[in-house]
Amino acid sequence: MKRKNTLRDLLSAGPEAEAAAQPTTARVPSGAVRAMGLSLGHLREEAQALRASIEAGDTVVELDPALVEGSFVNDRLAADSEGELRALVQSIAESGQQVPVLVRPHPDKTGHYQIAYGHRRLIAVRRLGVRLKAVVRALSDAELVVAQGKENIERRNLTFIERALFAAHLEAHGFDRPTLHAALAVQSAEMTRYLQVARSIPRAVILAIGPAPRTGRPRWLELQRLFAQPQAEDMAAQVVAGPGFRALSSDARFQRVFESLRHGGAAPEAGRFWRNPRGEPVVRIEQSAQGMRLTINERLEPEFGTYVAEQLEALYQGFRSSREGRKAR
DNA sequence: CCACTTTTCAGGAAAAGCCA
DNA sequence: TGGCTTTTCCTGAAAAGTGG
């Protein structure tokens, strides 16, 4: 099997070589690797996938990229950065497309194809106006989404909420749990959390917040719990439509929705301060999932913090009696 | 700037709940 | 009852924050 060996040589590094964590020049020119900022793990996943396809007897063909369409399930909330894409375009222009993409014959349009993984390479190749190196395999819908999921999940490119939405999309398409687990490479417990979040938080709110790359499972779960309270949807809708919301980063948008539901009203602005009459920011007020933290700057107000600590008992008594008063009314 | 602490995230195991 | 889903908890790693 000459072809098999040739292709193997192209992707010579196996998992054993990766374990050494040393870049080998046999696989892809190392300069290009560095330029693209790709992790070795990423290359390993692709190499493994391709090795698997070679072992399955697939051949690499060259296709007109115009005949290749995207998948029927969309998994991303945000497009890849232009910088990353440009680096990939440059790499392919210089050293050619080193790794083929995986496609299947289009189920409805004869002569067309649907991509399973390699979306970014497809875009890059289109820009260059060259032909697309691809492995064509007859994949079922389930196999297609599993392959597509692997492309993103194994690169760890999707945020928590993107995975959750992807899972929800797949579920809506009627895929069973085992397929979902395989597509996202997670256990059933994690899948439950994805679906729970995607089901409980209104889609419009999720889309308005966006991928929130620095917001992970705990806080999304916490937000999902907040949506159990009455009026949560209305409140969130108000926040989302509020002034300046769009201008915030995705993570800040999450934070604003989160805070507004926690406090049942207007979102406090980030990094609040209490100022003394001189206008100095003496107390920094920070809200987290755990609670509220007050940081008292004793350089600005010496011994104020000590005083506040001493007054906690009196403050608490005042807090209790104000609560009782409210209940009695 | 560096070392240390705290927070956050995500993977996974085990227990609990649900349903045919 | 057994299989599957959901909930809860624990853990290690990474990131962020803090203080000297």
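Letters A, B, ... mirror the listed sequences (proteins, then strands); counts begin at 1.
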Quiz prompt | Out of B/dT8, B/dG11, C/dT6, whichever nucleotide has its closest atom nearest the side chain of A/Thr192 | solution = C/dT6

Quiz item: Roughly how many Å is it from OH in A/Tyr194 to P in C/dT6, rounded to a whole number?
Solution: 15 Å

Practice problem: Rounded to the nearest angstrom, tell me the gap between atom CD in A/Glu171 and atom P in C/dT5. | Solution: 10 Å

Quiz item: Is there a donor and acceptor pair, one atom on the side chain of A/Arg193 and one on the base of B/dG12, closer than 3.5 Å?
Solution: yes

Exercise. Let me know the distance between CG of A/Leu221 and P of B/dT8, rounded to the nearest Å.
Key: 14 Å

Quiz item: Starting at CZ of A/Arg217 and ending at P of C/dC9, how long is that distance when rounded to a whole Å?
Solution: 13 Å

Quiz prompt | Partner set under side chain to side chain donor-acceptor pair (under 3.5 Å) for A/His112, not counting sequence neighbours | solution = none

Exercise. To the nearest Å, give me how far apart CG (A/Leu184) and P (B/dA10) are.
Key: 13 Å

Practice problem: Using the closest heavy atom to pick a nucleotide of DNA chain B for each, name whichever of A/Phe160 or A/Gln187 lands nearer the 5' end. | Solution: A/Phe160

Quiz item: For A/Ala208 and A/Arg253, which heavy atoms make the closest approach, and how far apart are they?
Solution: O-NE, 2.8 Å

Quiz prompt | Sole residue of A/Arg219, A/Gln224, A/Arg225 in side-chain hydrogen bond (donor to acceptor under 3.5 Å, both in side chains) with A/Glu222 | solution = A/Arg225

Quiz item: For the pair made of CD1 in A/Ile161 and P in B/dA10, what is the distance, rounded to whole Å?
Solution: 11 Å

Quiz item: What residues form a salt bridge (Lys or Arg N to Asp or Glu O under 4.0 Å) with A/Arg126, not counting sequence neighbours?
Solution: none

Practice problem: Give a yes/no answer on whether the side chain of A/Arg199 brings an N or O atom under 4.0 Å of OP1 or OP2 in C/dT6. | Solution: yes

Exercise. Answer yes or no: side-chain N or O of A/Arg177 and base N or O of C/dG3 forming a donor-acceptor pair under 3.5 Å.
Key: no

Quiz item: To the nearest angstrom, how far is A/His181 atom NE2 from C/dG3 atom C1'?
Solution: 13 Å

Practice problem: Show the numbers, then the answer: is there a ring-ring contact (aromatic ring centres under 6.0 Å, His included) between A/Tyr194 and A/Phe160? | Solution: CA-CA 8 Å; A/Tyr194 288 154; A/Phe160 177 84; 5.4 Å; yes

Quiz item: Counting side-chain heavy atoms from CB outward, which of C/dT5, B/dG11, B/dA13 is closest to A/Ala189?
Solution: B/dA13

Quiz prompt | Atom pair distance, as rounded to whole Å: CH2 in A/Trp220 and C1' in B/dT8 | solution = 16 Å

